[in-house]
Amino acid sequence: MSYLELKERAKSAILKALEKIGIKDVKFDVLEPTVEGIGEVTTNVAFTLSKKLKRPPIEMAKEIVGNMEIDPWFKKIEAHPKGYINFWLSYLEYGEALFERVLIRENYGKLDVGRGRKVVIEHTSVNPNKALHIGHARNVVIGDTIGRLMKRAGYNVSILNYIDDTGTQVADVLVGFLYLGFKKDVERKFDQYCGDVVYIEVNKRFEEDPSLIEKRREIIKQLEVGGPIAEVAREIIDRIVREQLKTCWRLGAEYDLLNWESHILRSGYWNEVFSMLKKRDLVEFVKDGKYKGCWVLKGGEGDEKVLVRSDGTTVYAAKDIPYAAWKLGIIEDRFGYEVFAIQPSGKELWTTKPRRDGKDHPIFNNGDIAITVIDVRQSRVQNFVKLAVKGIGGEGKEYMHLGYEVVALSKDTVKELGMLVKEDKEFYHMSGRKGVYVNVDDILDELKKRAIEESKTRNPEEDEEWLNDVGEKIAVGALRYALLKQDLDKIIVFDIKEAMKLEGDTGPYLQYSLARAIRILEKAGGWEFERGLAKYLDEEEERKLVLLLSKYENAMLEAIVNFSPKRLVKYVRELAVAFNSFYEKCPVLQEEDVIRRARLALVATYVKILSDALQVLGIPILERL
RNA sequence: GGUCCCGUAGCUCAGCAUGGAUAGAGCGCCGGCCCUCUAAGCCGGUGGUCGUGGGUUCGAAUCCCACCGGGACCGCCA
């Protein structure tokens with residue numbers, strides 16, 4: 001039995017009573033009470049009626065309650081003096097149904113809102129010239145979690161990672177290797193070396209020696225059309241991408257396909273899309289003014305965006321349109337495909353090749369929905385992409401920008417990086433070029449170190465390998481949780497000291513709670529499902545837990561339809577809090593007979609639901625920590 | 001200047017979509033709890049003009065308007 005059904009039940013009880021009284025067409029809400037001790041479901045029907053019939057709410061409420069039929073799910077229905085009608089749940093019936101649903105039924109937690117539909121999600125898409133910093137981690141974690149949620153909703157999901165291998169950022173690093181004598185054989189993780197050393201140094205040199213910028217221009221040209229430099233570059237970029245992927249995998253994210261910008265450029269997709277845009281009159285050749293000689297995409301209210309410069313070259317944003325069209329299957333697929341790597345789960349990661357070769361491959365595009373996960377600074381460009389895609393005919397196709405606010409660094413953290421700060425400025429935006437950022441691997445390593453220290457004192461008998469595994473999982477759980485727990489439209493001000501916490505509102509809190517529950521089942525020596533146990537769950541803590549557990553599918557559905565991982569996170573946290581209270585107040589293993597078995601069923605239900613939720617959130621599950 | 005986002009406890013944030021009862025957590029601070037399934041935990045206390053002013057409403061943190069403060073975007077850069 002789920003909470004949604006419970007609400008439905010209360011609603012129909014009200015409707016029946018209204019019918020009996022002879023009242024029709026009343027709008028009202030069935031709500032979750034916000035205060036304690038007034039039942040589990042409430043409704044404001046008396047308020048709306050009182051307005052309509054000009055009678056006091058309490059009078060209406062009493063009349064409705066007086067005309068209600070007895071329902072076994074509710075043990076008490078009461079008209080509150082303020083005018084609410086409150087329903088008290090019969091836990092005996094409700095708990096029984098919950099256990100049966102969660103513990104016995106197959107497919108618990110699988111929804112089907114997306115059945116039969118394909119969604120293509122692009123996330124990560126980090127320039128291949130540096131290691132991932134904490135801002136990229138927010139993108140990866142949000143994108144990955146949305147992917148997991150959409151899969152759970154029944155969608156057929158493809159996860160794409162776009163590699164901009166022809167941009168200035170890659171070219172900067174290549175300038176370093178080709179003209180400034182940086183060595184490619186280094187001890188350090190290669191992406192970190194490129195970002196932390198080469199990229200920053202090259203950008204300093206640009207200021208001293210502007211002729212280097214000319215060299216960069218030549219590199220970019222070759223990257224786009226091919227040439228000897230492109231050959232050397234490919235090896236370097238490949239190495240960086242593989243190192244970046246290791247970090248993403250660490251975070252728990254896996255992909256279906258890598259899309260290379262150079263392949264899109266060489267595919268001829270742009271010309272195809274451009275002529276479609278022309279045909280539909282969505283672009284315009286400008287004859288006068290500041291954009292003279294350019295082709296612009298027309299937005300609403302005179303807004304416009306240059307797509308083709310007066311010299312005939314396309315701008316950066318123009319590449320997004322053919323890519324989006326490909327994702328939604330609006331243009332024919334002309335890529336070839338091959339396997340790029342095998343990921344930690346064993347799943348193949350594929351990559352595009354510039355030309356089709358007729359070999360078998362999974363279908364990565366043809367989405368009904370394309371979701372691009374990228375921060376809010378790209379909103380304007382993304383809106384133009386959406387407009388263009390809509391215009392060239394994605395009938396029933398939807399292009400969606402899933403935007404989120406950036407991760408900035410706190411004043412203290414910037415100070416720790418050795419930079420000068422202004423006293424009145426509370427946070428600083430990250431900058432790869434200026435070296436103002438914190439690498440994901442460094443954060444994970446530091447979290448891991450702390451987790452291992454703590455775990456060692458609790459598990460002195462465990463060896464290095466065990467501690468290492470647990471430490472890594474705690475670190476990942478902590479970071480993913482920290483990046484998912486707030487709303488997408490909130491700037492995260494990352495503070496290194498704050499981020500190192502493993503207590504309170506954190507990922508490890510959930511992992512710990514689950515481990516304790518698992519331990520109870522373990523020590524109980526197994527348990528078996530049986531009917532008629534719920535009636536023995538009489539304690540306040542037990543009831544709260546039953547009620548919350550029944551809201552799980554509802555919480556997941558909300559997270560899915562709102563593209564909001566946070567909603568699931570908040571629910572899970574609340575659930576863990578309820579379990580921890582139960583854990584303190586209601587001993588399981590010390591009890592005997594029915595109470596013990598009833599509590600075991602409750603614990604088992606919790607373990608099943610929390611494990612499931614943590615999987616959806618990508619927070620690693622630990623049986624012990 | 002235009003568009004968008006944020007503003008709730010000392011700090012970090014829920015609650016706002018769909019108005020409803022006494023505005024909730026974590027961190028911090030103060031005080032308790034390991035005889036008992038893991039104390040990364042639990043319980044109690046502390047702490048709030050919900051940015052400001054108006055409006056709508058029986059009822060506003062929630063909806064509307066104006067203003068204030070902070071941020072982002074607005075290039076023939078990528």
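Since the structure is predicted, the reported quantities are computational estimates derived from the model, not experimental observations.
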* Between the side-chain atoms of A:Ser379 and the base atoms of B:A72, is any donor-acceptor pair under 3.5 Å? ->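 Checked by distance alone, the answer is no.
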
* Side chain of A:Asn580, base of B:G41: donor and acceptor closer than 3.5 Å? ->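 Such a pair does not exist between side chain and base.
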
* Does the side-chain ring of A:Tyr84 sit on the six-membered ring of the B:A21 base, less than 5.5 Å centre to centre and under 30° in tilt? ->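 Stack criterion met.
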
Tell me which donor-acceptor pairs under 3.5 Å the side chains of residues 507-515 of chain A have, and how far apart each pair is, sequence neighbours excluded?
from, atom 1, to, atom 2, distance (Å)
A:Tyr509, OH, A:Asn580, ND2, 3.0
A:Gln511, NE2, A:Lys473, O, 3.1
A:Gln511, NE2, A:Pro620, O, 2.9
A:Ser513, OG, A:Asn580, OD1, 3.0
A:Ser513, OG, A:Tyr606, OH, 2.6

* Span that lies between the P atom of B:C35 and that of B:G48, in whole angstrom ->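 Straight-line distance between the two P atoms is 37 Å.
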
* Asked: Expressed as a whole number of Å, how far does the P atom of B:C11 sit from that of B:C4?
  ->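 Pairwise P distance, B:C11 against B:C4, rounds to 29 Å.
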
* Structure fact -> 5' to 3', nucleotides 2-7 of chain B under a 4.0 Å protein heavy-atom cut-off (B base, S sugar-phosphate only, - none) gives ---SSS

* Asked: Does A:Thr34 put a side-chain nitrogen or oxygen below 4.0 Å from OP1 or OP2 of B:A23?
  ->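 A:Thr34 to B:A23 OP1/OP2: no side-chain N or O under 4.0 Å.
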
* Asked: Counting just side-chain N and O atoms, does A:Arg567 come under 4.0 Å of either OP1 or OP2 of B:G15?
  ->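 Looking at the OP1 and OP2 atoms of B:G15, neither is under 4.0 Å from any side-chain N or O of A:Arg567.
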
* Asked: For RNA chain B, what is the dot-bracket line, given that a base pair needs Watson-Crick (N1 to N3, plus N6-O4 or O6-N4) or G-U wobble (N1-O2 and O6-N3) geometry with both distances under 3.5 Å, and | means paired with another strand?
  -> (((((((..((((......[...))))((((((.......))))))....(((((..]....))))))))))))....

* Nearest-nucleotide pick for A:Val35, side chain only, options being B:A72, B:U22, B:C76 ->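 Out of B:A72, B:U22, B:C76, the nucleotide with an atom closest to A:Val35's side chain is B:U22.
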
* Of the listed nucleotides B:A21, B:A14, B:A25, the one nearest the side chain of A:Arg573 ->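 From the listed options, B:A25 comes nearest.
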
* To do: Considering only NZ, NE, NH1 and NH2 on the basic side and carboxylate oxygens on the acidic side, decide whether A:Lys585 and A:Glu539 come within less than 4.0 Å.
  =>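 No, A:Lys585 and A:Glu539 are not salt-bridged.
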
* Taking only Lys NZ, Arg NE, NH1 and NH2, and the carboxylate oxygens of Asp or Glu, determine whether A:Lys551 and A:Glu32 approach each other closer than 4.0 Å. =>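 A salt bridge is present here (some side-chain N lies under 4.0 Å from a carboxylate O).
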
* Any sub-3.5 Å donor-acceptor pair from A:His136's side-chain atoms to A:His133's backbone N or O? ->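 Present.
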
* For A:Ser455, report the nucleic acid contact type (base, sugar-phosphate, nothing); a contact means any heavy atom under 4.0 Å. =>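 Counting heavy atoms under 4.0 Å across all strands, the contact made by A:Ser455 includes a base.
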
